[in-house]
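One structure is given here, and the rest of the page talks about it.
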Amino acid sequence: MIRRPPRSTLSSSSAASDVYKRQYQRRVRGLCTLLQVNMAEDPVDIKLDIEKKCLEEHCTHDVDQYNQCLERIKVVPEDLEPHCFPQYFEVVHCVDHCADPHLWKTLV
């Protein structure tokens, strides 16, 4: 009976390992070629523009509440640890809720 190493071995001395290495190298070369084609232009991050537009048009009420909170806590002693976390997270939630549908459309 002839003993052979299992096919899925990653041992550096096995023939299967050589197959894995070649597959990996081909995959990396293909990705690099794809990236060079797609990276001919500098990428533009549209998320920041969409979020800015959402802040200005849809989330003004939440931003106003956050700013009012920041003004209110200026007079509170620091030992009471004043914060505006709830208002801040309302702004973040509003921006995410507004921007997400626009971002998902660009992924298609």
Side-chain angles (χ1 to χ4, degrees):
M1 184 164 128
I2 300 173
R3 295 196 59 184
R4 297 181 181 156
R7 293 181 182 202
S8 62
T9 183
L10 294 176
S11 167
S12 61
S13 63
S14 72
S17 175
D18 293 338
V19 170
Y20 289 129
K21 286 178 191 173
R22 284 194 301 271
Q23 287 176 347
Y24 176 75
Q25 289 169 349
R26 267 188 255 134
R27 202 172 299 143
V28 168
R29 267 189 261 123
L31 285 173
C32 289
T33 304
L34 181 65
L35 287 174
Q36 288 173 356
V37 169
N38 290 338
M39 296 301 287
E41 300 175 1
D42 287 337
V44 176
D45 187 5
I46 61 168
K47 183 177 183 262
L48 298 175
D49 294 334
I50 292 173
E51 288 178 340
K52 184 177 178 182
K53 184 177 179 183
C54 285
L55 272 173
E56 293 170 353
E57 296 178 5
H58 298 285
C59 302
T60 55
H61 178 70
D62 293 323
V63 172
D64 290 341
Q65 286 185 337
Y66 177 67
N67 288 332
Q68 290 170 4
C69 178
L70 290 176
E71 290 299 319
R72 277 194 310 270
I73 65 172
K74 286 181 180 178
V75 295
V76 178
E78 287 186 27
D79 59 333
L80 296 178
E81 298 181 8
H83 62 80
C84 294
F85 294 147
Q87 292 83 358
Y88 171 78
F89 287 114
E90 282 297 318
V91 172
V92 171
H93 175 74
C94 180
V95 169
D96 286 346
H97 187 72
C98 171
D100 284 351
H102 300 290
L103 292 173
W104 281 107
K105 289 178 188 175
T106 63
L107 295 176
V108 176

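Sequence positions, counted from 1, serve as the residue numbers for this chain.
- Hydrophobic cluster membership is shared by V63 and F89, with clusters built from Ile, Leu, Val, Met, Phe, Trp and Tyr side chains linked at under 4.5 angstrom.
- Under a cut-off of 6.0 angstrom, the local environment of CD in E81 is sparse, with at most 12 non-hydrogen atoms contributed by other residues, nucleotides or ligands.
- For P77, the side chain to side chain contact (heavy atoms under 4.5 Å, CB included) partners two or more places apart in sequence, or in a different chain, are D79, L80.
- Applying the side-chain hydrogen bond (donor to acceptor under 3.5 Å, both in side chains) rule to H61 yields the partners Q65; only residues at least two apart in sequence or on another chain are considered.
- Taking E71 as the reference, K74 meet the salt bridge (charged side-chain N to carboxylate O under 4.0 Å, His left out) condition, with sequence neighbours excluded.
- Taking all atoms of both residues into account, the shortest heavy-atom contact from H58 to C98 is CD2-SG, 3.2 Å.
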Would you be so kind as to tabulate the donor-acceptor pairs closer than 3.5 Å made by side chains of residues 43-54, with sequence neighbours excluded?
{"from": "D45", "atom 1": "OD1", "to": "K47", "atom 2": "N", "distance (Å)": "3.1"}
{"from": "K47", "atom 1": "NZ", "to": "E51", "atom 2": "OE2", "distance (Å)": "2.8"}

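- Distance CG/N67 to CZ/R72: 10.5 Å, rounded to 0.5 Å.
- Residues meeting the side chain to side chain contact (heavy atoms under 4.5 Å, CB included) test with C84, sequence neighbours left out: Y66, C69, L70, I73, Q87.
- Taking every heavy atom of both residues into account, V95 and C59 meet most closely at N-SG, 3.6 Å.
- Listed by chain and number, the residues in a side chain to side chain contact (heavy atoms under 4.5 Å, CB included) with H83 are F85, P86 (sequence neighbours excluded).
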